[in-house]
K.L.:
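Please find one structure pasted underneath; my questions will follow.
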Amino acid sequence: MSRILITSAIPYINGIKHLGNLVGSQLPADLYARYMRGRGHEVLFLCSTDEHGTPAELAAAKAGMEVEAFCAQMHDTQAEIAKGFGLSFDHFGRSSSAQNRKLTQYFAGELAKNGLIEERSEQQVFSLADDRYLPDRYIEGTCPNCGYENARGDQCENCTKQLDPTDLINPRSAISGSTDLEVRDTKHLYLRQSALKDRLDSWITSKTDWPVLTTSIAKKWLHDGDGLQDRGITRDLAWGVPVKKGTEDWPGMEGKVFYVWFDAPIEYIACAAEWAEANGKDEATWRGWWNEAEGADDVRYVQFMGKDNVPFHTLSFPATIMGTNGDDKGWKLVDYIKSFNYLNYEGGQFSTSQGRGIFQDQALDILPADYWRWWLLSNAPESSDTEFTWERFQADVNKDLADVLGNFVSRITKFCRSKFGEEVPTGGDMTPEGKKLIEDLEARLAAYQTHMDAIDMRKAAAELRSIWTAGNEFLQTAAPWSRIKTEPEAAAADTRLALNLIRVYAVLSAPFLPAAAQTMLEAMQTDDTAWPSSMAQALTALPVGHAYTTPEVMFRKITDEEREDWASRFAGTRS
RNA sequence: GGCGGUGUAGCUCAGUUGGUUAGAGCAGCGGAAUCAUAAUCCGCGUGUCCGGGGUUCAAGUCCCUGCACCGCCA
């Protein structure tokens, strides 16, 4: 048994996310966490909401709320949705927590102590009407290049020319529309990532087992152009972690906060502290998960994220950790990064702003979580972008869940009920068909575990499906319904084996289908969730005479009418 | 314009370090069975492995080049 620390990229607070956000981080992380727990390992699975920064302030303003209240409310909403999808976080924290504030300030202080923070002066646009500095993209005006009137301060969307806010003709605030702007001098802190470039480079190079997607993105940022650039880690905002050097004030940085991309990954650590507090554990306990000088030597740390987040997790955050640790043993660097491509929707991209695609709350409104979990995980965008279409979703889910798994449970429980009564039948020895099934499953279990250990989700899902199919093959060849007429003892043995298969299916399927697994266990009236070490043994867990109940239809099918209705409902703008 | 990814059966995709007749699921066709959510099981695939060069005894699998789509960056 080992200890496994799992974090999923933390979702931003400004609204409800669509399915693409789910499949790229939280859902696969949950699959892995559930599997590892199932195998008997000690798991700490953490996720939080990412709450700081301008978009949160603007979303709050739009909702007519104070940003703190808005974040608190949206955090609860996202927590509720996560629960709906069965995400088994040990803790769902908040980057605005006191723990994160303290840790973020601590890391900045240590980095400064180690000479890795630099102060730089720059100019930034201040809006007097909004009483705030404006990030480049929140300044709009006429493009000097093409005359487009709604060009943003960072780039003109019309002619794609890169711009400086000061290039814009008639610049105005994108927030209020005010033209009462002025350019002010301001000071900011920069993290000297360039000083850590070589260490980062050799660290990444050593990760030969990581997905190519992960390392190729990291190497590109390390070597492209002038190489890894230093990064500004402070902003002139009100909503964020106040800039401090550890517990000390930082002269010249009054009124400024850390940039959201500096404090967000530190929340991975702070979340463990929040977890400890929420569960009455002491500081040593959570630090023992995170700091190698304080007991985390045996921890394997695995991160899950979409490809857009890779640079921050392979470079910026590791730079923070390395720069803080110096040459000493200290805070854990990630051991494995599982990254994902994008999920597309019916020929285009999911779009939050255009309301295109399916949002997480809507998905749960129309179907149980297991349908989504199964389809998303068995079609996860591991090697390339994946496309969601309603037609495929309907076909796959109906076939895999209703026809193959659900119907298996249904046919054998009902058959047994009518011929032997609702209990595991007695009599008969293992039939040749039964032996063959066990041999087959023995090999498939090994393959399933190999894929799950490697976090090869689509392959694991395919193998799990084959395990379900094996049950149907067995019934088809053993045919207890005809055998019962001539060899009732053999029919009883086959039925006994098939009923035991349901419990094994529950255990093996639980990482993908937690709710269905629960249904199967309840139907079989057992709480024996031991992961099979041998199939032969696992398939005798339910003894002769053990009573069970025949479950309701586990997965009803998606009808053509529903599919058409949903396809049109989610095509356009979210109402 | 630069970089990265992808391009394999009607559809979605597997194909490790180059090596027997290129595989799976779905859809389709044929058959078996009737316990079951008209569910299941069995059988059936010559597809220019995007095009063109090249290396090799041997390339989907390596090199060069072109094309298409996607993304990131300038």
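Throughout, a chain's letter reflects where its sequence line sits, starting with A, and its residues are numbered from 1.
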K.L.:
Short of 4.0 Å, heavy atom to strand atom, which residues of residues 454-471 of chain A count as contacting RNA chain B?
P.N.:
A:Arg458, A:Lys459, A:Arg465, A:Thr469
K.L.:
Does some side-chain heavy atom of A:Glu439 sit less than 4.5 Å from a side-chain heavy atom of A:Glu442?
P.N.:
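A side-chain contact under 4.5 Å is absent here.
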K.L.:
What residues in residues 481-519 of chain A put a non-hydrogen atom under 4.0 Å from any atom of RNA chain B?
P.N.:
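A:Trp481 - these, ordered by number, are the residues of the stretch whose heavy atoms sit under 4.0 Å from the strand.
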K.L.:
Taking any strand in view, what nucleotide pairs with B:G19 in a Watson-Crick or G-U wobble way, both distances under 3.5 Å?
P.N.:
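Across all strands, the one nucleotide that pairs with B:G19 is B:C57.
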K.L.:
Choose from B:U37, B:A27, B:A32 the nucleotide whose nearest atom is closest to any side-chain atom of A:Lys399.
P.N.:
B:A27
K.L.:
Could you identify the nucleotide paired to B:U12, looking across every strand shown and requiring Watson-Crick or G-U wobble geometry with both distances under 3.5 Å?
P.N.:
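Result: B:A24.
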K.L.:
With a 4.5 Å limit on heavy-atom distance, are the side chains of A:Gln303 and A:Tyr268 in contact?
P.N.:
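Yes - at least one pair of side-chain heavy atoms lies under 4.5 Å apart.
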K.L.:
Rounded to the nearest 0.5 Å, what separates atom OG1 in A:Thr314 from atom CD1 in A:Ile204?
P.N.:
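Here the rounded value is 5.0 Å.
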K.L.:
Tell which nucleotide pairs with B:G47, taking only Watson-Crick or G-U wobble pairs whose two distances are both under 3.5 angstrom.
P.N.:
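Checking every strand shown, B:G47 finds no partner, since no pair has both distances under 3.5 Å.
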K.L.:
Around A:Lys207, counting heavy atoms of other residues, nucleotides and ligands shown, do more than 12 lie under 6.0 Å from its NZ?
P.N.:
yes
K.L.:
Between B:U37, B:C42, B:A27, which one does the side chain of A:Glu473 approach most closely?
P.N.:
B:C42
K.L.:
Does any nucleotide pair with B:A68 by Watson-Crick or G-U wobble geometry, both distances under 3.5 Å, and what is it?
P.N.:
B:U6
K.L.:
I need the A:Ser418 OG to A:Ile484 CD1 distance, nearest 0.5 Å.
P.N.:
7.5 Å
K.L.:
Measuring from A:Asn398:CG to A:Lys557:NZ, what's the distance to the nearest 0.5 Å?
P.N.:
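Interatomic distance, A:Asn398 CG to A:Lys557 NZ, rounded to 0.5 Å: 5.5 Å.
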K.L.:
Would you mind checking if A:Arg120 and A:Glu122 are paired as a salt bridge, meaning a charged N to carboxylate O distance below 4.0 Å?
P.N.:
no
K.L.:
Can you tell me the Watson-Crick or wobble partner of B:G1, both distances under 3.5 angstrom?
P.N.:
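Pairing partner, where one exists within any strand: B:C73.
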K.L.:
Once hydrogens and angles are ignored, does a donor-acceptor distance under 3.5 Å link the base of B:A36 to the side chain of A:Asn407?
P.N.:
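Yes.
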K.L.:
Within the pair A:Lys557 and B:A39, is there a side-chain N or O less than 4.0 Å away from OP1 or OP2?
P.N.:
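Answer yes for this pair, as a side-chain N or O of A:Lys557 is under 4.0 Å from OP1 or OP2.
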K.L.:
With a 4.0 Å cut-off, would you call A:Glu463 and A:Arg444 a salt bridge?
P.N.:
yes
K.L.:
Under a 3.5 Å limit for both distances, which nucleotide forms a Watson-Crick or G-U wobble pair with B:C41, could you say?
P.N.:
B:G31
K.L.:
Have a look at A:Phe408 and say if it touches a base, only the backbone sugar-phosphate, or nothing, with a 4.0 Å heavy-atom cut-off.
P.N.:
nothing
